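Just below is one structure, and these are the notes that go with it.
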Amino acid sequence: MINEFQTLFFTCKLLDIELPGKELGAFIVEENAQFLVLHLEITNITNEILTMYKDDFMITFDEDGPFEAENNFGVKYQLKDEYALKPQEEIHGCLVFIISSSAKKIKLSYTEYFDDESEGKTYKLKYKIG
């Protein structure tokens, strides 16, 4: 199972896929939905401070999407909307998504965007769930 990709700036490793169901803390999703929590390890591989954004990572399920991660649900280690990594720094955090309760496949993707607004490569990790 491939669970890691490396861009020009960082490595991203998927450590765990959690499907907590319809409830996450004090939050409950509608009948045909469920929470998906992806636990990640992100490492800055540059010699510069790297600014990252929660919305850099998108999820697609059963060809629906892509969707951005949800706002903060108060989940321990949930990645902030924006965070900075020092050179060679590694962080562990998670992203929370809401997906269909019938989803069978998920795809986590990251697309490189540069300062001049050009688009680079898209990296994808695909998994079967449920």
Side-chain angles (χ1 to χ4, degrees):
M1 173 172 86
I2 296 173
N3 67 336
E4 186 172 4
F5 62 83
Q6 180 174 320
T7 72
L8 296 172
F9 309 103
F10 67 92
T11 60
C12 176
K13 185 174 193 177
L14 181 62
L15 302 172
D16 192 24
I17 298 171
E18 184 182 351
L19 292 166
K22 297 190 178 319
E23 293 185 36
L24 187 62
F27 299 93
I28 300 174
V29 292
E30 57 194 51
E31 188 60 35
N32 59 350
Q34 67 178 327
F35 284 104
L36 168 70
V37 181
L38 300 180
H39 297 270
L40 304 172
E41 174 186 288
I42 301 171
T43 306
N44 179 354
I45 58 173
T46 72
N47 291 319
E48 299 176 9
I49 293 175
L50 181 62
T51 301
M52 301 279 298
Y53 302 92
K54 167 183 64 81
D55 294 343
D56 289 341
F57 297 94
M58 305 288 272
I59 198 82
T60 304
F61 58 89
D62 296 340
E63 307 306 318
D64 289 334
F67 300 101
E68 297 176 349
E70 296 296 315
N71 291 329
N72 199 315
F73 277 94
V75 173
K76 195 173 187 178
Y77 306 116
Q78 188 172 353
L79 293 172
K80 296 181 177 126
D81 290 349
E82 180 179 331
Y83 51 98
L85 297 175
K86 296 175 185 139
Q88 309 306 313
E89 182 180 8
E90 171 185 292
I91 63 162
H92 292 246
C94 65
L95 294 171
V96 176
F97 297 92
I98 297 173
I99 64 171
S100 167
S101 56
S102 63
K104 300 288 184 229
K105 296 180 199 169
I106 60 168
K107 178 172 54 183
L108 175 69
S109 62
Y110 169 83
T111 300
E112 294 174 323
Y113 292 98
F114 301 104
D115 290 340
D116 65 1
E117 298 187 18
S118 64
E119 194 173 299
K121 184 175 179 180
T122 297
Y123 300 86
K124 300 174 186 164
L125 298 174
K126 299 177 185 180
Y127 302 95
K128 290 182 181 175
I129 59 169

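Treat the numbers as computed from the prediction; the structure is a model and nothing was measured.
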Query raised in the report: Do the side chains of Thr60 and Phe67 get nearer than 4.5 Å, heavy atoms only?
Result: no

Requested in this report: Please report the C-alpha distance between Lys107 and Leu125 in whole Å, then the side-chain angles of each, then the deciding distance to 0.1 Å, and finally whether the side chain to side chain contact (heavy atoms under 4.5 Å, CB included) criterion is met.
Outcome: CA-CA 6 Å; Lys107 178 172 54 183; Leu125 298 174; over 6 Å; no

Query raised in the report: OG1/Thr43 to CD/Glu89 distance, rounded to the nearest 0.5 angstrom?
Result: 9.0 Å

Report summary line: All heavy atoms of Thr122 vs all of Ser109, minimum pair found to be CG2-CB, 4.2 Å

Report task. Applying side chain to side chain contact (heavy atoms under 4.5 Å, CB included), run through Glu112 and Glu119 and close with a yes or a no. Result -> CA-CA 6 Å; Glu112 294 174 323; Glu119 194 173 299; over 6 Å; no

**Report entry** Straight-line distance of Ile129 CD1 to Leu36 CG, nearest 0.5 Å
**Finding:** 6.0 Å

Requested in this report: Ignoring hydrogens and angles, tell me if any N or O in the side chain of Asn3 forms a donor-acceptor pair with the backbone of Leu14 under 3.5 Å.
Outcome: yes

Report task. State, with a plain yes or no, whether a side-chain heavy atom of Leu95 is found less than 4.5 Å away from one of Val37. Result -> no

Requested in this report: I would like to know whether Asp81 and Lys54 meet salt bridge (Lys or Arg N to Asp or Glu O under 4.0 Å); could you show each step before the answer?
Outcome: CA-CA 5 Å; Asp81 290 349; Lys54 167 183 64 81; 3.7 Å; yes

Query raised in the report: When you look at Thr7 and Lys121, which way does the side chain to side chain contact (heavy atoms under 4.5 Å, CB included) test go after all the steps?
Result: CA-CA 8 Å; Thr7 72; Lys121 184 175 179 180; over 6 Å; no

Query raised in the report: Under 4.5 Å between side-chain heavy atoms, hopping through other hydrophobics if needed: is there a path connecting Tyr77 to Val96?
Result: no

Query raised in the report: Passes side-chain hydrogen bond (donor to acceptor under 3.5 Å, both in side chains), His92 versus Glu90? Steps please.
Result: CA-CA 7 Å; His92 292 246; Glu90 171 185 292; 3.2 Å; yes

Query - 4.5 Å side-chain heavy-atom contact, Ile91 and Leu79 - result: yes

Query raised in the report: Is Gln78 reaching over with its side chain to a backbone N or O of Asn71, donor-acceptor style, under 3.5 angstrom?
Result: yes

Query raised in the report: Rounded to the nearest 0.5 Å, how far apart are CG of Asn32 and NZ of Lys22?
Result: 7.0 Å

Query raised in the report: Is it true that a side-chain atom of Asn47 and a backbone atom of Pro87 form a donor plus acceptor pair closer than 3.5 Å?
Result: no

Requested in this report: May I have all residue pairs that pass ring pair (Phe, Tyr, Trp, His ring centres under 6.0 Å) and include part of residues 41-60, sequence neighbours excluded?
Outcome: Phe57-Tyr110

Query - Side-chain heavy atoms of Leu50 within contact of Ile45, under 4.5 Å - result: no

Query raised in the report: Closest heavy-atom contact between Ala69 and Asp55?
Result: O-OD1, 4.2 Å

Query raised in the report: Considering only heavy atoms from C-beta outward, does the side chain of Asn44 approach that of Phe9 to under 4.5 Å?
Result: no

Query raised in the report: Same cluster for Ile106 and Leu40 if Ile/Leu/Val/Met/Phe/Trp/Tyr side chains link at under 4.5 Å?
Result: yes

**Report entry** Any donor-acceptor N or O pair under 3.5 Å, side chains Gln6, Tyr123
**Finding:** no

Query raised in the report: For Glu23 and Ile28, which heavy atoms make the closest approach, and how far apart are they?
Result: CG-CG1, 3.6 Å

Requested in this report: Please tell me if the side chains of Lys128 and Lys104 come closer than 4.5 Å, counting only heavy atoms from C-beta onward.
Outcome: no

Query raised in the report: Do the side chains of Met58 and Leu108 get nearer than 4.5 Å, heavy atoms only?
Result: no

**Report entry** side chain to side chain contact (heavy atoms under 4.5 Å, CB included) between Phe35 and Ile98, intermediate numbers included
**Finding:** CA-CA 5 Å; Phe35 284 104; Ile98 297 173; 3.9 Å; yes

Report task. Look at atom CD1 of Ile49 and say whether more than 12 heavy atoms of other residues, nucleotides or ligands are closer to it than 6.0 Å. Result -> no

Query raised in the report: Does CG belonging to Asp115 count more than 12 external heavy atoms closer than 6.0 Å?
Result: no

Query raised in the report: With side chains defined as the heavy atoms from C-beta onward, is the minimum distance between Leu38 and Phe97 less than 4.5 Å?
Result: yes

Report task. Measure the CD-SG distance between Glu4 and Cys12 for me, rounded to the nearest 0.5 Å. Result -> 8.0 Å

Query raised in the report: If you measure from CD1 on Ile42 to CZ on Phe10, what distance do you get to the nearest 0.5 Å?
Result: 6.5 Å

Report summary line: SG (Cys94) and NZ (Lys76) are apart, to the nearest 0.5 Å, by 11.0 Å

Query raised in the report: How about Glu48: does its CD atom have over 12 heavy atoms from other parts shown lying under 6.0 Å from it?
Result: no

